[in-house]
Amino acid sequence: MRYDPAIALAPLTRRRAASPIVVAQLGQTLDGRIATITGASKYISGCEALAHLHRLRASVDAVVVGVGTVAADDPQLTVRLAPGRNPARVVIDPSGRAAAAARLFVDGAAPTLSVAGPDAPPPPPGVERLTIAPGPDGTFAPDAIVAALAARGLLRILVEGGAQTIGRFLDAGRIDLLHLLVAPMILGSGKPGITLRPIEELSDALRPATSVHAFEDGDVLFTCDLRARLEAAE
Ligand SMILES: NC(=O)c1ccc[n+]([C@@H]2O[C@H](COP(=O)([O-])OP(=O)(O)OC[C@H]3O[C@@H](n4cnc5c(N)ncnc54)[C@H](OP(=O)(O)O)[C@@H]3O)[C@@H](O)[C@H]2O)c1
């Protein structure tokens with residue numbers, strides 16, 4: 001169907017969430033890449049897909065990225081290409097390696113949080129620390145991150161990237177909705193998009209209920225609802 005933001009964003013905007021809802025987005029090429037081998041990703045997505053990403057940001061309370069994305073892109077994570085307010089910005093940065101001069105730490109455009117372990121150095125001035133104890137594998141359980149954000153009233157959460165961060169949330173069954181933006185571009189090399197724990201049987205594949213939305217400038221948005229599968233598994 002032709003892209004209509006009211007339809008594509010309906011599950012997020014329809015009603016106020018009583019419990020956390022987590023949406024992930026990824027802008028990828030036809031061959032499933034999110035960046036070149038050097039990390040260049042600006043811009044794989046076309047103008048309309050980028051505007052959709054900004055509408056997504058405007059629809060949530062918090063936008064979450066891994067520290068790899070802050071290091072590669074120095075993103076602002078603000079709403080500029082659509083109407084709406086800026087969400088809180090959250091960087092998952094276990095050892096506090098993000099540069100203190102990163103734009104989202106210094107621009108004052110929205111509250112900014114750093115999710116880190118107990119031994120990480122203090123965050124830059126004005127950035128709130130969210131300390132989470134790592135799990136047995138040394139990483140933060142996505143459930144713990146979502147619970148910590150929900151405890152601050154941040155119930156609608158956009159996991160914007162990169163691939164590792166989204167993969168961890170997906171592997172943990174903590175993504176409710178996935179917005180996959182596919183650009184008519186083939187890189188043939190570069191950083192892969194969604195990468196999950198290996199499976200052997202097709203019966204173990206994720207098969208979300210999916211709708212397809214076409215943008216006028218050539219990109220295609222797949223909106224995937226993973227909630228039915230999660231409910232069936234419970
Ligand atoms: N096309 C798109 O839509 C899009 C969107 C965003 C980013 N990107 C691209 O993606 C690339 C970066 O992605 P990436 O996969 O390399 O990195 P990333 O997902 O941005 O960050 C990964 C890092 O974040 C930390 N992290 C994330 N989740 C964690 C958890 N649950 N527990 C503990 N630590 C966690 C770890 O930091 P430590 O290493 O410090 O442990 C991990 O190595 C860049 O090239 C960027 O341009 C593309």
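Indexing begins at 1, ligand by ligand and atom by atom, following the structure's order.
- Salt bridge annotation for Lys42-Asp73: absent, with no cationic side-chain nitrogen under 4.0 angstrom from a carboxylate oxygen.
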Is there a ring-ring contact (aromatic ring centres under 6.0 Å, His included) between Phe222 and His179 once you walk through the steps? CA-CA 6 Å; Phe222 293 83; His179 283 208; over 10 Å; no
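- Around ligand 1 you find Gln25, Leu26, Gly27, Ile34, Ala35, Gly39, Ser41, Gly66, Val67, Gly68, Thr69, Ala72, Asp73, Ile92, Pro94, Arg97, Thr139, Phe140, Glu160, Gly161, Gly162, Ala163, Gln164, Thr165, Arg168, Lys191, each with a heavy-atom distance below 4.0 Å.
- For Ser189, there are no side-chain contact (heavy atoms from CB on, under 4.5 Å) partners two or more places apart in sequence or in a different chain.
- Salt-bridge annotation for Asp204 and Arg197: absent, with no side-chain N of the basic residue lying under 4.0 Å from a carboxylate O of the acidic one.
- Between Arg129 and Thr131, the side chains place no donor N or O within less than 3.5 Å of an acceptor N or O (distance only, hydrogens not considered).
- The neighbour count for Ile199 CD1, taken as heavy atoms of other residues, nucleotides or ligands under 6.0 Å away, is above 12.
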